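For reference, the structure discussed in these notes is given below.
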Amino acid sequence: MTSAGLNEKLNKLRAGVLGANDGIVSTAAVVLGVAGATSDIKAIATAGIAAVIGGAVSMALGEYVSVSSQRDTERAYIAKESALHAEDPDEEFAHLVRGYMRDGLSEETATQVAKERTASNPLKAHLELHYGIDEEDIVSPWSAAIASFISFFLGSMLPLAAVLLPPDPARVVTTFVVTLIALAGTGAASAKIGGADPKRAVARLVIGGALGLAVTYGIGWLFGTTAL
Ligand SMILES: [Zn+2]
C-alpha cells in the first residue's frame, strides 16, 4: 500500500470515529434535555428517534456535499494538467525536474526520476507534485455519505438504548454513564488513529461531554418545572 493509500484509510477511520462521536453527543443531549423536562417515555423516545434520523441525514448530506466539491476540484486539476501536458510536454517535463530539485534531489537524479515518471504515468507525477493528490484515492461522495450515516447512527444507538431500556428512576444516570463511557471509547480510538496521547483525548471528551450533558439536562429540567 502506498502512503497515500494508508492516509486515505486513516482518514476514513477518523471520519467514522467522528461520526460516531457526533451521534453519541447529539443524541444524548436531546434525550437528556427531554428527560430533564418530562418522564414521559413516549416523548423521550420520539425526540430521540427524531434526533437520530435528523442527525444521520444531516451528517450524510454534509459529507456528500463536501466530498462532491472536493472531487470536482480534483477533477478540474486532472483536466488542467492533462491539457497542459498535451500542449507543452517539454515545459511540463521541466516542471517535474524543478519540483524534484526543490525536494532536494540533484539535477541529474531529478532529471532521471522525471524521465522515468513521465514514461510510466506523467499525469500521476504532476498531480502528486503540484497538488499532493492521487487519482486512485478520489473518494465517492455516495460512499462517504453512507459511511457517515452509518457511523452516526451506530453511535447514537448507545444513548438512545441507555435512555429507553432501563426503568424510569435509572434512565438519566444510565444515559450519563453510557454516554461518557462511549465518549471515552471514541476519544481513545481517535487518539490511537492520530498517534496522540489517549489520556488527554479521553479526558477532554469525557469532561466536555459531562459538562455539555449537565447543561442540556439542566435546561430541560428548568423548562419542565417552569414553562411547561
Ligand atoms: Zn506540471
Side-chain angles (χ1 to χ4, degrees), residues 1-23 55-155 186-198 200-201 204:
M1 193 183 334
T2 63
S3 71
L6 181 65
N7 272 337
E8 200 48 45
K9 279 239 157 88
L10 286 177
N11 277 339
K12 274 185 194 155
L13 262 178
R14 195 174 292 129
V17 172
L18 282 179
N21 200 69
D22 277 358
V57 167
S58 105
M59 284 282 291
L61 202 62
E63 196 63 14
Y64 184 87
V65 169
S66 109
V67 173
S68 296
S69 66
Q70 186 191 330
R71 194 175 64 166
D72 292 344
T73 311
E74 289 173 344
R75 280 186 173 157
Y77 289 156
I78 290 171
K80 185 181 151 202
E81 283 299 317
S82 310
L84 283 175
H85 209 269
E87 252 168 48
D88 193 350
D90 291 343
E91 175 54 28
E92 286 302 297
F93 182 79
H95 264 176
L96 286 186
V97 176
R98 281 200 300 271
Y100 295 140
M101 284 173 71
R102 260 201 309 276
D103 286 345
L105 299 185
S106 71
E107 189 172 358
E108 198 184 344
T109 317
T111 309
Q112 186 61 28
V113 173
K115 255 185 206 154
E116 290 183 20
R117 297 216 56 178
T118 301
S120 71
N121 189 345
L123 182 60
K124 191 175 160 69
H126 284 273
L127 289 175
E128 274 176 22
L129 182 71
H130 302 312
Y131 311 107
I133 59 171
D134 186 340
E135 214 182 341
E136 291 148 26
D137 278 344
I138 293 183
V139 194
S140 134
W142 274 108
S143 74
I146 292 166
S148 43
F149 186 97
I150 292 172
S151 56
F152 184 100
F153 185 86
L154 292 179
T186 56
S190 63
K192 203 166 167 61
I193 295 166
D197 176 19
R200 279 183 150 196
R204 231 178 352 235

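Remember, it's 1-based here, ligands and their atoms both numbered in the order they're listed. The model shown is predicted, which means the values in this text are computed figures rather than measured ones.
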- request: Decide whether Gln112 and Glu108 meet the rule of one side-chain donor and one side-chain acceptor closer than 3.5 Å.
  value: no
message: Please name the atom of His126, limited to N, O or S, that comes nearest to the Zn ion (ligand 1).
response: ND1
task: Kindly give the heavy-atom pair with the smallest separation between Gly19 and Ser151, and that separation in Å.
output: CA-OG, 3.7 Å
query: Vertex the Zn ion (ligand 1): angle to NE2 of His130 and OE1 of Glu92, to 10°?
result: 170°
query: Do Asp134 and Leu127 have side-chain heavy atoms sitting under 4.5 Å apart?
result: no
- prompt: Which of the N/O/S atoms in His95 sits closest to the Zn ion (ligand 1)?
  reply: ND1
- prompt: Do Glu107 and Arg98 sit within salt-bridge range, that is, some charged N less than 4.0 Å from a carboxylate O?
  reply: no
message: For a distance under 2.8 Å, tell me if His85 has an N/O/S atom near the Zn ion (ligand 1).
response: no
